[in-house]
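Okay, so here's the structure we're looking at.
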Amino acid sequence: MRTVTIGVSIAVPEPHGSQLQQLRAGFGDAAAHGIPTHVTLLPPTEVDASLLPAIETHLAEVAAAGRPFPMRLSGTGTFRPLSPVVFVRVAEGAEACARLQKQVRDASGPVARELQFPYHPHVTVAHGIDDAAMDRAFEELADYEAEWPCTDFALYEQGADGVWRKLREFAFSGAVVPSQSAHVERGSLPTGQL
């Protein structure tokens with residue numbers, strides 16, 4: 001039996017994804033370049049490789065039942081001291097993410113699993129680095145804002161080199177639900193942050 005480590009997530013699109021990835025690397029997070037910027041729907045999960053076709057079918061069904069929704073990132077948060085993570089908050093789209101992740105992990109599906117912590121959608125910008133760098137990430141991205149229409153999610157596999165690679169995207173059907181937020185400058189960073 002060959003096993004693979006998979007994950008399911010919503011990619012943060014360009015230019016936001018690259019901006020946040022570069023900032024994460026700049027804070028000293030060595031994993032930054034191996035992890036595309038994302039909102040997790042299924043955390044790293046080891047599965048039998050022979051289950052991949054069934055997992056893809058399941059994810060296609062989840063996507064077909066869903067519809068696009070607005071995503072907005074705003075400000076920072078942290079899981080410290082419970083977990084050494086600083087993140088950008090999902091200010092809009094969190095409920096849709098919560099529904100999706102529950103459907104992905106549904107007990108009747110091929111990737112049913114319990115989570116170590118309650119689900120909290122976020123975009124990690126620092127993980128497992130020293131406290132001073134974590135504080136810097138928290139402060140420097142406190143005013144970060146980005147928004148986009150979320151139209152799909154993807155299945156990723158972690159390679160032996162630790163790098164996460166996209167296997168397949170799963171698009172929602174239907175039109176994007178309008179955003180509830182006022183106009184936000186897309187992907188804005190405070191002056192001098194890039």
Side-chain angles (χ1 to χ4, degrees), residues 4-45 59 68-80 83-94 96-97 100-101 104 117 119-171 179 181 184-194:
V4 292
T5 300
I6 62 164
V8 177
S9 63
I10 295 169
V12 175
E14 295 306 328
H16 320 303
S18 291
Q19 285 177 344
L20 291 173
Q21 191 174 42
Q22 289 170 4
L23 287 164
R24 183 173 178 173
F27 297 134
D29 190 330
H33 292 298
I35 305 172
T37 308
H38 68 282
V39 175
T40 299
L41 298 176
L42 177 73
T45 302
L59 295 176
F69 57 92
M71 286 283 287
R72 183 168 61 88
L73 306 179
S74 180
T76 51
T78 184
F79 294 133
R80 294 185 293 175
S83 180
V85 172
V86 170
F87 57 86
V88 173
R89 294 182 321 103
V90 175
E92 186 174 0
C97 291
L100 272 175
Q101 66 86 28
V104 167
F117 301 106
Y119 182 73
H120 186 275
H122 64 280
V123 177
T124 298
V125 290
H127 180 231
I129 57 178
D130 69 69
D131 283 339
M134 299 278 267
D135 292 343
R136 201 175 109 223
F138 187 86
E139 291 162 12
E140 288 187 14
L141 291 171
D143 295 326
Y144 185 82
E145 298 278 343
E147 65 178 289
W148 70 92
C150 179
T151 58
D152 59 37
F153 60 86
L155 172 65
Y156 291 81
E157 180 179 340
Q158 187 178 36
D161 57 1
V163 175
W164 287 90
R165 293 175 180 85
K166 188 185 302 180
L167 295 180
R168 180 175 165 192
E169 290 182 352
F170 301 89
S179 174
S181 69
V184 174
E185 185 180 333
R186 297 185 184 279
S188 63
L189 283 172
T191 306
Q193 292 299 309
L194 264 186

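FYI, the numbering just counts along the sequence from 1.
Separation of atoms CG (Leu100) and CZ (Phe69) is listed at 5.5 Å; rounding is to 0.5 Å. Note: Asp135 CG to Thr78 OG1 = 8.5 Å, rounded to the nearest 0.5 Å.
Phe87 meets the ring-ring contact (aromatic ring centres under 6.0 Å, His included) test with Phe79, His120, His122; sequence neighbours excluded. Scanning for side-chain contact (heavy atoms from CB on, under 4.5 Å) contacts around Val4 gives Arg2, Ile6, Val47, Ala49, Leu52, Glu157, with sequence neighbours left out. Evaluation of the ring-ring contact (aromatic ring centres under 6.0 Å, His included) rule for Phe170 yields Phe153 as partners, not counting sequence neighbours. With sequence neighbours excluded, the residues that form a side-chain contact (heavy atoms from CB on, under 4.5 Å) with Thr37 are Val12, Leu20, Gln21, Val123. Residues passing the salt bridge (Lys or Arg N to Asp or Glu O under 4.0 Å) test with Glu169, sequence neighbours excluded: Lys166. Applying the side-chain contact (heavy atoms from CB on, under 4.5 Å) criterion to Ser74, with sequence neighbours excluded, gives Arg72, Arg89, Ala91, Glu145. With sequence neighbours excluded, no residue satisfies side-chain hydrogen bond (donor to acceptor under 3.5 Å, both in side chains) with Thr76. Here Pro121 pairs with Val39, Val90, Ala94, Cys97, Tyr119 under the side-chain contact (heavy atoms from CB on, under 4.5 Å) rule; sequence neighbours left out. For His33, there are no ring-ring contact (aromatic ring centres under 6.0 Å, His included) partners two or more places apart in sequence or in a different chain. Qualifying salt bridge (Lys or Arg N to Asp or Glu O under 4.0 Å) partners for Arg136, counting only residues two or more places apart in sequence or in other chains: Glu140.
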Mind listing the side-chain donor-acceptor pairs of residues 126-133 below 3.5 Å, one per line with the distance, residues two or more places apart or on another chain?
{"from": "Asp130", "atom 1": "OD1", "to": "Ala132", "atom 2": "N", "distance (Å)": "3.1"}
{"from": "Asp130", "atom 1": "OD1", "to": "Ala133", "atom 2": "N", "distance (Å)": "2.9"}

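Ser18 and Glu14 get closest at one heavy-atom pair: OG-OE1, 2.7 Å. Residues Trp164 and Ile35 approach most closely at CD1-CG1, 3.9 Å, considering heavy atoms. Between Ala171 and Asp152, the shortest heavy-atom distance links the atoms CA-CB, 3.7 Å.
Residue pairs meeting the salt bridge (Lys or Arg N to Asp or Glu O under 4.0 Å) criterion with at least one partner in residues 21-35, sequence neighbours excluded, are Arg24-Asp29.
Side chains of Tyr156 and Leu42 form no contact here, defined as non-hydrogen atoms less than 4.5 Å apart. Counting heavy atoms from C-beta on, the side chains of Arg80 and Met134 come closer than 4.5 Å.
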